[in-house]
Amino acid sequence: MEIYLLKSSSYRILNNEIAKITKGINNITNFSLLEVDIRDIIDDASYYGLFSEKRCIIVKDTKYFGGKFAYEEESNLLYEFLSSKLEDLIMIFICDDIKKTKDLTKKVTSLGASIIDISNVSEEDMKELITSYCNDQEIKIDNKAYDLLLKNSVNNLDIMIQEIDKLSLVDKNITVDIVNTYGSKEADDETFNFSNAVVAKQFAKAFELLDVLLKNGVEPSALIGLLSSSFANMYMVRDAVNNHLTDEEIAKALGYSGTGRVFVMKKNSKIYTLDQLKDIILDLCVLDSKIKTGYDPVYGIKEFLLNL
């Protein structure tokens, strides 16, 4: 049995990793632990048909390898199953959090499980991923246009690719002029105004902008991705500050092009504790998963705002 523990702040990167692991496999089953019990997943994974073939089971919203709780009974059941000698089976666990010091994590890695934690994407990694994507789609972006897109998307890979897809419908050769004419701008785009209002807890403004954005057809997942990016960056900067890193050291560690963004994250995060930021990030992960499995997106996002 092959076992993988995956964590990523980008759905694009996460899907790329899953595609690499499952290449050539046709029998793939997806589960969410928000919808089914771990016992149901184990029962399904233990079943094989008459014809032996490579099989992959992807388990989303996995809580056992991180966080504060042990979930002892469920963790023991899962470890017992993963210790079995089932061949031709790949188990992929999509995790909100992975702690290598947690008992179950240590036990599962001792079985040979691979941990793939790509929750922090540097600007260098971003460029490599964007370049690869553009080459596949036969899209060209000049350097100045790339820098502007990066700024406008606040270094969020999923938002940037969504913007590239939109601009490529105008011209496959994306220039600064095309970005300025047809692209979303950080300074005046309502999407970023919405994110800023949420972060600042300006709820009246946030609700007003949310209604406008949803009416204009903005994807709820894009809004959740932007909020997740904002709160994740605030968390990382606050954690680095608590560990006595300078602004220059923080910018270098997080792959920022300068200290200006560090200053903004420090300023925005002042009204939150580190634990609150962590809980908000986890809440956004749960919300995104619920929406992708049929939960009403308008109700879900408004519910998140009311609970913030």
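When reading the values below, keep in mind they use all heavy atoms of this one structure, side chains included, and skip hydrogens, waters and symmetry mates. Remember, it's a predicted structure, so these values are computed and weren't measured experimentally.
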Does atom NZ of Lys201 have more than 12 heavy-atom neighbours, drawn from other residues, nucleotides or ligands, at distances under 6.0 Å? yes
For Thr105, enumerate each residue passing the side-chain hydrogen bond (donor to acceptor under 3.5 Å, both in side chains) test, keeping only those at least two apart in sequence or located in another chain. none
Taking Thr131's backbone N and O only, do any of them form a donor-acceptor pair with Asn135's side chain (distance below 3.5 Å, no angle check)? yes
Salt-bridged, Lys252 to Glu249, with N to O below 4.0 Å? no
Could you check if a side-chain atom of Ile174 sits within less than 4.5 angstrom of a side-chain atom of Lys140, using non-hydrogen atoms only? no
Just to verify, what does Lys99 make a side-chain hydrogen bond (donor to acceptor under 3.5 Å, both in side chains) with, not counting sequence neighbours? Asp97
Would you say Arg238's side chain and Ser269's backbone share a donor-acceptor pair under 3.5 angstrom? yes
Which pairs pass ring-ring contact (aromatic ring centres under 6.0 Å, His included) with one or both residues in residues 265-288, sequence neighbours excluded? Phe231-Tyr272
Determine the minimum heavy-atom distance between Asp61 and Cys285, stating which atoms define it. OD1-O, 4.5 Å
Would the Tyr4 and Phe93 ring centres measure less than 6.0 Å apart? no
Apply side-chain hydrogen bond (donor to acceptor under 3.5 Å, both in side chains) to Asp288 and list each qualifying residue two or more places apart in sequence or on a separate chain. Tyr11, Lys292
Under 3.5 Å, is there a donor-acceptor pair between the side chain of Ser168 and the main chain of Asp165? yes
Taking C-beta and beyond as the side chain, do Lys7 and Thr62 meet within less than 4.5 Å on heavy atoms? no
Tyr146 ring centre to Lys127 NZ or CZ under 6.0 Å, with the angle to the axis within 45°? yes
Do side-chain atoms of Lys54 reach the backbone of Ile25 as a donor and acceptor pair under 3.5 angstrom? no
Closer than 3.5 angstrom, by distance alone: can the side chain of Asp171 be matched with the main-chain N or O of Asn173 as a donor-acceptor pair? yes
Just jot down the side-chain hydrogen bond (donor to acceptor under 3.5 Å, both in side chains) partners of Glu248, sequence neighbours excluded, or say none. none
Should the heavy atoms of other residues, nucleotides or ligands under 6.0 Å from CD of Glu128 be counted, would the total exceed 12? no
Asp142 and Thr175: side chain donor to acceptor below 3.5 Å: no
So, does Ser229 use its side chain to make a donor-acceptor pair with the main chain of Leu226 at under 3.5 Å? no
Counting heavy atoms not belonging to Lys144, are there more than 12 under 6.0 Å from its NZ? no
Is there a side-chain contact between Ile38 and Phe81, using heavy atoms and a 4.5 Å cut-off? no
With sequence neighbours left out, the residues meeting salt bridge (Lys or Arg N to Asp or Glu O under 4.0 Å) with Lys266 are Asp247
Please check if the number of heavy atoms outside Glu208 that lie under 6.0 Å from its CD is greater than 12. no
For Glu72, does its backbone N or O pair with a side-chain atom of Asn76 as donor and acceptor, under 3.5 Å? yes
Any luck finding a side-chain donor-acceptor pair between Glu73 and Tyr71 under 3.5 Å? no
Taking the side chain as every heavy atom from C-beta outward, state whether Met1 and Ile90 have any atom pair closer than 4.5 Å. no
Less than 4.0 angstrom from a charged side-chain N to a carboxylate O is my criterion; do Lys302 and Asp296 meet it? no
Can a donor-acceptor pair be found between the side chains of Glu303 and Tyr295 at a distance below 3.5 Å? yes
Do Ile21 and Leu6 make a side-chain contact, defined as non-hydrogen atoms from C-beta onward lying under 4.5 Å apart? yes
